[in-house]
Amino acid sequence: MLIRNAKVATLARSDSFGLIEAGAIAIDGSEIVWVGPEHALPERFRASPSHDAGGRLVTPALIDCHTHVVFGGNRAAEFELRLQGASYAEIAKAGGGIVSTVAATRAASADELLEQALPRVDALIADGVTLLEVKSGYGLDVETELKMLRVARAIPGHRPIDIRTSFLGAHAVAAEYTGRAEAYLEEQCLPALRAAHAEGLVDAVDGFCEGIAFSPAQIAQVFTVARDLGLPVKLHADQLSDLGGAALAAEFGALSADHLEYTQEAGAKAMAAAGTVAVLLPGAFYTLGETQRPPLSAFRARGVDVALATDCNPGSSPLTSLLLAMNMGCTLFGLTPLEALLGVTAHAAKALGASDRGRIVPGLRADLCLWDVAHPAELAYRIGFNPLHARVFGGAL
């Protein structure tokens, strides 16, 4: 297929949109084979079936690199509690938070979890998403963690989207193990990880390093097993306090460290040295009413790639619009529109180890979005408006 009469934002490099006015993109199967000004189109592509973009903007398709879209129930009641002054940590310690979702997720069948997840996936697809990361972590026992991962893996059988799964057994200590985090890790989390890996359900291993979750030493135990299994890692780090999570993630060569509101200079330096992506999650920052912003200037100064994601989950970020996350990233954290777009394309791909997509260059996968906008900055500028005209998924319009 040939897409012609397009304004193409290649994002071929990270210092500009890489705009090509009156551009064209040649696709062979699921792969981009040529991109450039239409007047320079090689003769061999001129007879290809073509789609006239009508002068629309074409970007790489969007990638949501941090979500929890598979879960049971909702936590609207906790939203009310937070509005009355309760903190996220206080709610968690009182038996709410992650643990409250665990009961609903354990009680739901796989079919029920899939039925509940698909509308969330549909909303992200409608925003232009073609690759979605999905975490476990609301089971906190072997059976339910595996159930969640199987549901996540089933999503592409129902929707035109690619999925990457992250095992997040180290998300919280199960209620029945209160005060016995080490026992939980040994009896539930690590056996679930090994079983999920044996079943081919895991692309990466995640954890929550925080006072209300797991210590750096406990996360290191999980990551050591992940490394022994040959699995990459990522980490919920420094969201509510600085426990050195960013540096810990970097020590294990993590694909990404996520949240990072309390990350210090040493953490940013370690991430830069390891090539670990900083995934910012403005939906959680907004929902929880946080005031400490991630150290964006430190990431810029150190050359740390920055990604953005929805963090779609039932408690701290019930957000299913990656376009809104782009706006939030600019408005709340100070990202530029270029940084925001890179954050949901090229840098999000890097955060998932998906080196085959995220830019419009020959040799990469043809996942694209056609937008009814005049300039890429409009994608981050608008609030509550979706200008998506069409999506190309694996070369198919």
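One is the number of the first residue; the rest follow in order along the sequence. As the structure is a computational prediction, the values presented were derived from the model and not from experiment.
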Partner residues of E261 under the side chain to side chain donor-acceptor pair (under 3.5 Å) criterion, sequence neighbours left out: none
Measure from the ring center of F167 to the ring center of H197 and say whether it is less than 6.0 Å. no
Taking all non-hydrogen atoms of both residues into account, name the closest pair between T101 and F71 and its distance. CG2-CB, 3.9 Å
To check you understand the geometry: which heavy-atom pair defines the closest contact between V58 and A6, and what is its length? CG2-CB, 3.7 Å
Minimum heavy-atom distance G128-C369, with the two atoms named: O-SG, 3.3 Å
Check whether any side-chain heavy atom of V344 lies under 4.5 Å from a side-chain heavy atom of M326, and answer yes or no. yes
4.5 Å side-chain heavy-atom contact, I63 and L352: yes
Do any side-chain atoms of residues 29-38 form donor-acceptor pairs under 3.5 angstrom with protein atoms, and if so which ones, sequence neighbours left out?
{"unit_1": "E38", "atom_1": "OE1", "unit_2": "N5", "atom_2": "N", "d": "2.9"}
{"unit_1": "E38", "atom_1": "OE2", "unit_2": "R4", "atom_2": "NE", "d": "2.8"}
{"unit_1": "E38", "atom_1": "OE2", "unit_2": "R4", "atom_2": "NH2", "d": "3.4"}

Begin from the C-alpha positions of V279 and H259 and carry the test side chain to side chain contact (heavy atoms under 4.5 Å, CB included) through to its verdict. CA-CA 6 Å; V279 178; H259 286 293; over 6 Å; no
Quick one: does T10's side chain have a donor or acceptor within less than 3.5 Å of a partner on G18's backbone? yes
With side chains defined as the heavy atoms from C-beta onward, is the minimum distance between L370 and H51 less than 4.5 Å? yes
In terms of side-chain heavy atoms, does T345 have a donor or acceptor partner in R359 at a distance below 3.5 Å? no
Measuring from L243:CG to S215:OG, what's the distance to the nearest 0.5 Å? 8.5 Å
Do L335 and L308 make a side-chain contact, defined as non-hydrogen atoms from C-beta onward lying under 4.5 Å apart? yes
Can you tell me how far CG of L132 sits from CG of D64, rounded to the nearest 0.5 angstrom? 5.5 Å
Sorted by chain and residue number, the side chain to side chain donor-acceptor pair (under 3.5 Å) partners of T59 (sequence neighbours excluded) come out as W371
Pairs touching residues 293-321 that satisfy ring-ring contact (aromatic ring centres under 6.0 Å, His included), sequence neighbours left out: none
Does S50 offer a backbone N or O that forms a donor-acceptor pair with the side chain of S48 under 3.5 Å? no
Same hydrophobic cluster for L131 and L323, using side-chain heavy-atom links shorter than 4.5 Å among ILVMFWY? no
With a 3.5 Å cut-off and no angle check, do the side chains of E145 and S136 form a donor-acceptor pair? yes
Stepwise side chain to side chain donor-acceptor pair (under 3.5 Å) check, T165 with R153: CA-CA 7 Å; T165 52; R153 289 285 209 217; 3.2 Å; yes
Is there a donor-acceptor contact under 3.5 Å linking the side chains of D238 and S241? no
Pick one: which of D258, V205, L248 meets side-chain contact (heavy atoms from CB on, under 4.5 Å) with L235? L248
Provide the closest heavy-atom pair for A274 versus A250 in the form atom of the first, atom of the second, distance. CB-O, 3.5 Å
From CE (M1) to CZ (F45), nearest 0.5 Å: 13.0 Å
Between the CG atom in L341 and the CG atom in L62, the distance rounded to the nearest 0.5 Å is 7.5 Å
Nearest heavy-atom neighbours spanning V69 and A117: O-CB, 3.6 Å
Does either side chain, that of R164 or that of T67, offer a donor lying less than 3.5 Å from an acceptor on the other one? no
Would you call V373 and Y381 a side-chain contact if the rule is heavy atoms closer than 4.5 Å? no
If only atom types and distance count, is the side chain of R180 paired as donor or acceptor with the main-chain N or O of E176 below 3.5 Å? yes
With sequence neighbours left out, write down each residue that passes side chain to side chain donor-acceptor pair (under 3.5 Å) with D15, or none if nothing qualifies. R13
Main-chain N/O of E112 paired to E115 side chain as donor or acceptor, under 3.5 Å: no
Determine the interplanar angle of the H236 and H171 rings, folded into 0 to 90°, and report it as parallel if under 30°, tilted if 30 to 60°, perpendicular if over 60°. tilted
Between E187 and Y177, is there a side-chain donor-acceptor contact under 3.5 Å, judged purely by atom types and distance? yes
Short N-O contact, R357 and D162, less than 4.0 angstrom: yes
Under the side chain to side chain contact (heavy atoms under 4.5 Å, CB included) test, residues paired with A175 that sit two or more places apart: V99
Before you tell me yes or no, could you show the steps for Y184 and L140 under side chain to side chain contact (heavy atoms under 4.5 Å, CB included), namely the whole-Å CA-CA distance, both residues' side-chain angles and the distance that decides it to 0.1 Å? CA-CA 8 Å; Y184 166 73; L140 307 186; 3.3 Å; yes
Between A349 and G358, the two heavy atoms sitting closest are CB-CA, 4.4 Å
Checking H68 against D311: is there a side-chain donor and acceptor pair closer than 3.5 Å? yes
Hey, is the main chain of G72 close enough, under 3.5 Å, to the side chain of T105 for a donor-acceptor pair? yes
Heavy atoms, side chains only, cut-off 4.5 Å: are V392 and I3 in contact? yes
Is there a donor-acceptor contact under 3.5 Å from the side chain of E80 to the main chain of A76? no
Keeping R106 on the side-chain end and G139 on the backbone end, is there a donor-acceptor pair under 3.5 Å? yes
Between the main-chain N or O of V129 and the side-chain N or O of D127, is there a donor-acceptor pair closer than 3.5 Å? no
Between K7 and A374, is there a donor-acceptor pair closer than 3.5 Å when you use the side chain of the first and the backbone of the second? yes
What residues form a side chain to side chain donor-acceptor pair (under 3.5 Å) with E290, not counting sequence neighbours? none
Quick check: is I25 connected to L57 through a chain of hydrophobic side chains (ILVMFWY, heavy atoms under 4.5 Å apart)? no
Sequence neighbours excluded - side chain to side chain donor-acceptor pair (under 3.5 Å) pairs with any residue from residues 265-289: E265-R302
Listed by chain and number, what are the side chain to side chain contact (heavy atoms under 4.5 Å, CB included) partners of R150, not counting sequence neighbours? L146, E199, L201
For T331, all residues meeting side chain to side chain contact (heavy atoms under 4.5 Å, CB included), sequence neighbours excluded: N327
Would you indicate whether the side-chain heavy atoms of L296 and V306 approach each other to under 4.5 Å? yes
Could you work out, with side chain to side chain contact (heavy atoms under 4.5 Å, CB included) as the rule, every residue matching A123, not counting sequence neighbours? T320
Does any part of the side chain of P337, heavy atoms only, come nearer than 4.5 Å to the side chain of L379, both counted from C-beta? no
Which atom pairs, one a donor and one an acceptor, fall under 3.5 Å between side chains of residues 224-234 and the rest of the protein, sequence neighbours left out?
{"unit_1": "T224", "atom_1": "OG1", "unit_2": "A220", "atom_2": "O", "d": "2.7"}
{"unit_1": "K234", "atom_1": "NZ", "unit_2": "S256", "atom_2": "OG", "d": "3.1"}
{"unit_1": "K234", "atom_1": "NZ", "unit_2": "A351", "atom_2": "O", "d": "3.0"}

Side chain of E143, backbone of D141: donor and acceptor closer than 3.5 Å? no
